[in-house]
Amino acid sequence: WRAQRGGPVPLTAEDEFIAACRKGDEPRATQCLRDNPSLKGELTKEIGFAGTMLHWAAWTGNIAAVRTLIALGADVNHRDREHGASPLGWAGHGSCNCRTADDDYCAVINLLRAAGATREASINRYNEPPESMPTPKVAECLTQSL
């Protein structure tokens, strides 16, 4: 009845964890995991047609979310079910297709590489390497970090 009257609707533990991850609120996301360790499974769950939270954070160039998800143990080399690419590949593709923010995408790429992301895992099922899809500046960043 709260929602019908315009009142607040409490979030589920899952929703709260996902929101903290997407906002890059590492302390809150960490607390959610402490309170409910089963939420760790959300890090490998694919959203919509494909991609984990880390894939989507990389696609949008969301530095804070990428940093948080890596700190929580998200797999930086996880290949999504649709394209067969890792978050590194998604970051490259996102720089050309999601928004104009080359510096953010370069920061995301550097975070992913520092956490162990490999070029091999980022080559998609169409045999496209990550440096073939981004803006020129992000392609240079990818090439330098490989």
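Residue numbers start at 1 and run along the sequence shown. What you see is a predicted model, and the numbers here were worked out from it, not measured in a lab.
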Residues passing the side-chain contact (heavy atoms from CB on, under 4.5 Å) test with A139, sequence neighbours excluded, are P134
Contacts of K137 meeting side chain to side chain donor-acceptor pair (under 3.5 Å) (sequence neighbours excluded), chain-then-number -> D103
Closest non-hydrogen contact found for L88 with P130 is O-CB, 4.3 Å
Those residues at least two apart in sequence (or on a different chain) that pass salt bridge (charged side-chain N to carboxylate O under 4.0 Å, His left out) with R99 are D104
Sub-4.5 Å side-chain heavy-atom contact between N110 and C141:
yes
Applied to residues 80-90, the salt bridge (Lys or Arg N to Asp or Glu O under 4.0 Å) test, sequence neighbours excluded, yields none
Residue pairs meeting ring-ring contact (aromatic ring centres under 6.0 Å, His included), one or both in residues 91-112, sequence neighbours left out, come to W59-H93
Residues at least two apart in sequence or cross-chain that pass salt bridge (charged side-chain N to carboxylate O under 4.0 Å, His left out) with E26, listed by chain then number, are none
Sequence neighbours excluded, the answer for side chain to side chain donor-acceptor pair (under 3.5 Å) partners of K40 is none
Looking only at heavy atoms, the pair that brings E131 and T143 closest together is CB-OG1, 4.0 Å
For T60, the side chain to side chain donor-acceptor pair (under 3.5 Å) test, sequence neighbours excluded, returns none
The complete set of side-chain hydrogen bond (donor to acceptor under 3.5 Å, both in side chains) pairs with one or both residues in residues 13-22, sequence neighbours excluded, reads T12-D15, E16-R28
Residue set satisfying side-chain contact (heavy atoms from CB on, under 4.5 Å) with N77, at least two apart, ordered chain then number -> D75, A117, T118, A121
Residues at least two apart in sequence or cross-chain that pass ring-ring contact (aromatic ring centres under 6.0 Å, His included) with H55, listed by chain then number, are H78, W90
side-chain contact (heavy atoms from CB on, under 4.5 Å) with F17: of L33, D35, T30, only one passes, and it is L33
Worksheet item: Quick check: does any side chain N or O of T68 sit under 3.5 Å from a backbone N or O of A65, one acting as donor and the other as acceptor?
Response: no
E46 (side chain) donor-acceptor with T52 (main chain) under 3.5 angstrom:
no
